[in-house]
Amino acid sequence: MAYKDLRDFISLLEKKGLLKRIRVEVDPIFEITEITDRMCKSPNGGKTLFFEKVIGSQYPVVTNLFGSFERMCLALEVEKIDDVAKRIEDLLNQSPPKTLMEKLSMIPQLFELSKCLPKIVKHAPCQEVIEKENPDLSRFPIIKCWPVDGGRFITLPMVFTKDPDAGIQNCGMYRIQIYDKTTTGMHWHIHKGGARHYDKYKALNKRMPAAIAIGSDPAVIYSSSAPLPESFDEMLFAGFLRKDPVEMVKCITSDIEVPANSELVIEGYLEPGEMRLEGPFGDHTGFYSAADYYPVFHVTCITHRKDMIYPATIVGKPPMEDCYMGKATERIFLPLLRIDFPEIKDINLPMEGVFHNAALISIKKSYPGHAKKIIHGLWGKGQMMFSKLIIVVDDDVDVQNISYTAWRVLNNVDWKRDVVIAEGPLDDLDHAASWPRYGSKMGIDATRKAREEGMMREWPDELFMSEEIKRLVDKRWKEYGFE
């Protein structure tokens with residue numbers, strides 16, 4: 001059964017001993033960050049933290065909801081994240097039915113997909129309290145994370161916008177800086193769906209409606225961070241993950257729809273061309289992202305549950321909670337990469353690379369230059385274009401074993417022959433590039449080389465022991481005096 005809401009998930013975590021309640025009063029300015037950061041960096045990501053008493057607000061704060069592989073699996077209700085990828089792969093591998101029996105056999109899959117469609121409801125828990133006359137963001141326990149941050153930030157928001165032409169909604173996770181009781185920043189990067197919607201409204205010289213939802217069931221929260229194609233509804237994807245439709249409710253002051261089970265919803269609008277300095281912000285790279293000008297969001301209405309729980313995430317030097325969300329994305333979206341690159345066996349986006357600085361790829365190599373074809377192809381594929389380093393190895397290398405992969409790479413590479421340097425778009429948060437959002441990236445072909453690739457001598461065999469001797473030693477292991 002899908003989680004009903006955020007508190008349903010919290011209840012399960014508590015039953016499993018994966019949640020720690022902090023009953024003493026804590027400060028949302030820095031103190032919650034320091035406690036959460038220590039927990040994130042404890043073995044296996046520590047526990048989810050539930051802060052019952054937060055200075056300046058009557059509402060509790062919960063952090064580190066997804067900060068371990070175990071909790072990420074519980075969030076998506078699977079034994080392992082690859083189970084989600086398998087469901088996607090099964091759907092993608094369906095061929096058109098040719099016979100009546102084949103058509104009938106597809107009914108279960110079609111029924112599953114039909115259950116994913118969002119469902120509109122008229123009454124919602126997120127609208128138990130409606131504050132339309134005097135909305136006030138200062139009443140909520142919004143945190144300030146790091147000492148040089150430009151202010152308090154909503155760090156786990158689901159930002160809903162709508163394309164003015166197609167009428168299709170987009171949901172993205174963009175940090176929200178609080179300026180005062182009724183205005184915030186809207187930090188979306190130029191490559192994101194919300195930014196493209198804003199550009200369309202600006203071209204029309206029309207006010208843009210938007211809504212910020214905070215707190216929902218875990219599949220909905222995760223889906224708002226997923227790198228989906230722009231035309232694909234994140235709430236449809238959330239329905240697929242939870243195997244149950246996401247209930248949506250229309251906002252009070254605009255035609256935007258938000259998850260009905262949200263804890264808090266901030267409704268409002270953006271004026272075309274109105275910009276304000278936003279940041280700095282201690283980001284997931286482990287460095288501060290610089291202050292810059294971003295659109296301003298004006299609050300028209302705030303709705304929330306009577307007993308609201310405020311979820312937040314802390315980002316910073318890895319490993320942090322977002323690392324586990326990123327690893328889930330790595331596994332879930334591997335089948336989609338294989339649509340264009342079926343030769344890809346596996347992918348590893350190391351936490352240390354914060355998901356846009358390094359990608360390890362294993363492939364079934366079939367021809368000379370195959371690895372370089374993959375490198376250039378991935379740089380032209382969605383958010384993989386931000387990858388500053390792509391390393392390609394043969395399919396017998398387990399890229400999840402970074403030590404072994406590094407050994408193979410460092411032994412297999414001739415730097416002049418096997419390195420590709422290119423220029424192109426980079427992540428907005430890359431502070432090392434000479435220019436914002438543009439710079440150089442490197443690809444490394446660490447596969448075995450053929451003569452056509454410039455290898456003028458025979459490629460050596462890797463050391464291995466015969467299977468017969470391995471079995472013999474396995475059988476006699478205790479005889480040698482080992483346990």
Handout entry: 4.5 Å side-chain heavy-atom contact, Lys327 and Met351
Key = yes
Using distance only, find each side-chain donor-acceptor pair of residues 22-31 under 3.5 Å and give its atom names and separation, not counting sequence neighbours.
| unit_1 | atom_1 | unit_2 | atom_2 | d |
| --- | --- | --- | --- | --- |
| Asp27 | OD1 | Ile29 | N | 2.8 |
| Glu31 | OE1 | Asp27 | N | 2.8 |

Handout entry: Between Tyr3 and Phe9, ring centroids under 6.0 Å
Key = yes
Exercise for the section: For the pair Phe237 and Phe240, name the ring-plane relationship: parallel under 30°, tilted 30 to 60°, perpendicular over 60°. Expected result: parallel
Handout entry: Any donor-acceptor N or O pair under 3.5 Å, side chains Asp283, Thr285
Key = no
Completion exercise
Between Phe333 and Ala226, the two heavy atoms sitting closest are CZ-CB, 3.9 Å
Handout entry: SG-CD1 distance between Cys40 and Ile314, expressed to the nearest 0.5 angstrom
Key = 8.0 Å
Exercise for the section: Would you confirm whether Asp233, through its side chain, and Met235, through its main-chain N or O, come within 3.5 Å as a donor-acceptor pair? Expected result: yes
Handout entry: Side chains of His304 and Arg139 in contact at under 4.5 Å (non-hydrogen atoms)
Key = yes
Practice task
Start with the C-alpha gap between Met173 and Leu156, add the side-chain angles, then the distance that decides, and say whether side chain to side chain contact (heavy atoms under 4.5 Å, CB included) holds.
Solution key: CA-CA 7 Å; Met173 189 173 284; Leu156 202 61; 3.8 Å; yes
Practice task
Identify the heavy atoms of Ile256 and Ala211 that sit nearest to each other, and give their distance.
Solution key: CG2-CB, 3.9 Å
Handout entry: pair Val265-Arg305: side-chain heavy atoms closer than 4.5 Å
Key = no
Completion exercise
In this structure, CD1 of Ile221 is separated from OG of Ser216 (nearest 0.5 Å) by 6.0 Å
Practice task
Please lay out, stage by stage, how Val393 and Tyr404 fare under the test side chain to side chain contact (heavy atoms under 4.5 Å, CB included).
Solution key: CA-CA 11 Å; Val393 295; Tyr404 178 79; over 6 Å; no
Exercise for the section: Determine yes or no for a side-chain-to-main-chain donor-acceptor pair under 3.5 angstrom, with Glu321 supplying the side chain and Phe66 the backbone. Expected result: yes
Problem - Shortest non-hydrogen separation from Glu267 to Ser254 and the atoms involved - result: OE1-N, 4.2 Å
Practice task
Going by the ring-ring contact (aromatic ring centres under 6.0 Å, His included) test, name the single residue among Phe51, Tyr310, Phe140 that passes it with Tyr59.
Solution key: Phe140
Practice task
Please step through side chain to side chain contact (heavy atoms under 4.5 Å, CB included) for the pair Lys388 and Leu426, ending with a clear verdict.
Solution key: CA-CA 7 Å; Lys388 290 176 66 173; Leu426 292 177; 3.8 Å; yes
Problem - Ala219 versus Ala238, closest heavy-atom pair with distance - result: O-CB, 3.9 Å
Practice task
For Lys200, look at atom NZ and say whether over 12 heavy atoms of other residues, nucleotides or ligands are found less than 6.0 Å away.
Solution key: yes
Problem - Asp199 vs Arg196, salt bridge (charged side-chain N to carboxylate O under 4.0 Å, His left out): CA-CA, chis, key distance, verdict - result: CA-CA 5 Å; Asp199 286 341; Arg196 283 191 281 272; over 6 Å; no
Problem - Flag, side chain of Thr303 to backbone of Gln127, donor-acceptor distance under 3.5 Å - result: no
Practice task
Considering non-hydrogen atoms only, spot the tightest contact between Pro118 and Leu236 and give its length.
Solution key: CG-N, 4.1 Å
Practice task
Would you please indicate if the ring centroids of Tyr174 and Phe281 are separated by under 6.0 Å?
Solution key: no
Handout entry: Leu429 backbone acceptor or donor facing Asp427 side chain under 3.5 Å
Key = yes
Exercise for the section: Verify the neighbour count for atom NZ of Lys20: are there more than 12 heavy atoms of other residues, nucleotides or ligands below 6.0 Å? Expected result: no
Problem - Heavy-atom neighbours of Asn134 CG exceed 12 at 6.0 Å - result: no
Practice task
Could you tell me whether Lys86 and Glu89 have a side-chain N and a carboxylate O separated by less than 4.0 Å?
Solution key: no
Exercise for the section: Hey, could you give me the CG/CG distance between Leu18 and Leu12, rounded to the nearest 0.5 Å? Expected result: 8.0 Å
Problem - Exam field: side chain Arg152 to backbone Ile178, donor-acceptor pair closer than 3.5 Å - result: no
Practice task
Kindly say whether Arg87 contributes a backbone atom to a donor-acceptor pair with the side chain of Asp90 at under 3.5 angstrom?
Solution key: no
Practice task
Indicate yes or no: at least one non-hydrogen side-chain atom of Ile120 is less than 4.5 angstrom from one of Glu257.
Solution key: yes
Exercise for the section: Using distance alone, with no hydrogens and no angle criterion, decide if Asp346 and Gln400 have a side-chain donor and acceptor under 3.5 Å apart. Expected result: yes
Handout entry: Check: Ser289/Arg175 side-chain N/O donor and acceptor closer than 3.5 Å
Key = yes
Handout entry: Beyond-backbone contact of Val159 with His187, side-chain heavy atoms, under 4.5 angstrom
Key = no
Handout entry: Rounded distance [0.5 Å steps], CD in Glu330 versus CG in Leu349
Key = 4.5 Å
Exercise for the section: Find out whether Ile214 and Ile266 are in side-chain contact, i.e. whether some heavy atom of one side chain is under 4.5 Å from a heavy atom of the other. Expected result: yes
Exercise for the section: Kindly compute the distance separating OH (Tyr293) from CZ (Arg276), expressed to the nearest 0.5 Å. Expected result: 10.0 Å
Handout entry: Nearest atoms (heavy-atom pairs only) where Thr329 meets Tyr222
Key = OG1-OH, 2.8 Å
Handout entry: side chain to side chain contact (heavy atoms under 4.5 Å, CB included) between His197 and Trp188, intermediate numbers included
Key = CA-CA 11 Å; His197 288 177; Trp188 46 41; over 6 Å; no
Practice task
Kindly say whether Asp255 contributes a backbone atom to a donor-acceptor pair with the side chain of Lys162 at under 3.5 angstrom?
Solution key: yes
Handout entry: Side-chain donor/acceptor of Lys345 to backbone N/O of Asp395, under 3.5 Å
Key = yes
Practice task
Answer yes or no: is there a side-chain heavy-atom contact under 4.5 Å between Lys250 and Val258?
Solution key: no
Problem - Backbone of Ala85 reached by a side-chain donor or acceptor of Asp82 within 3.5 Å - result: no
Exercise for the section: Before accepting this row, confirm whether a basic side-chain N of the pair Glu343/Lys364 lies closer than 4.0 Å to the acidic partner's carboxylate O. Expected result: no
Problem - is_close_aromatic(His191, Phe386), centroid dist under 6.0 Å - result: yes
Exercise for the section: State, with a plain yes or no, whether a side-chain heavy atom of Lys41 is found less than 4.5 Å away from one of Met320. Expected result: yes
Exercise for the section: Could you tell me the separation between the CG atom of Leu19 and the NZ atom of Lys47, rounded to the nearest 0.5 Å? Expected result: 8.5 Å
Problem - Side-chain donor/acceptor of Arg71 to backbone N/O of Asn64, under 3.5 Å - result: yes
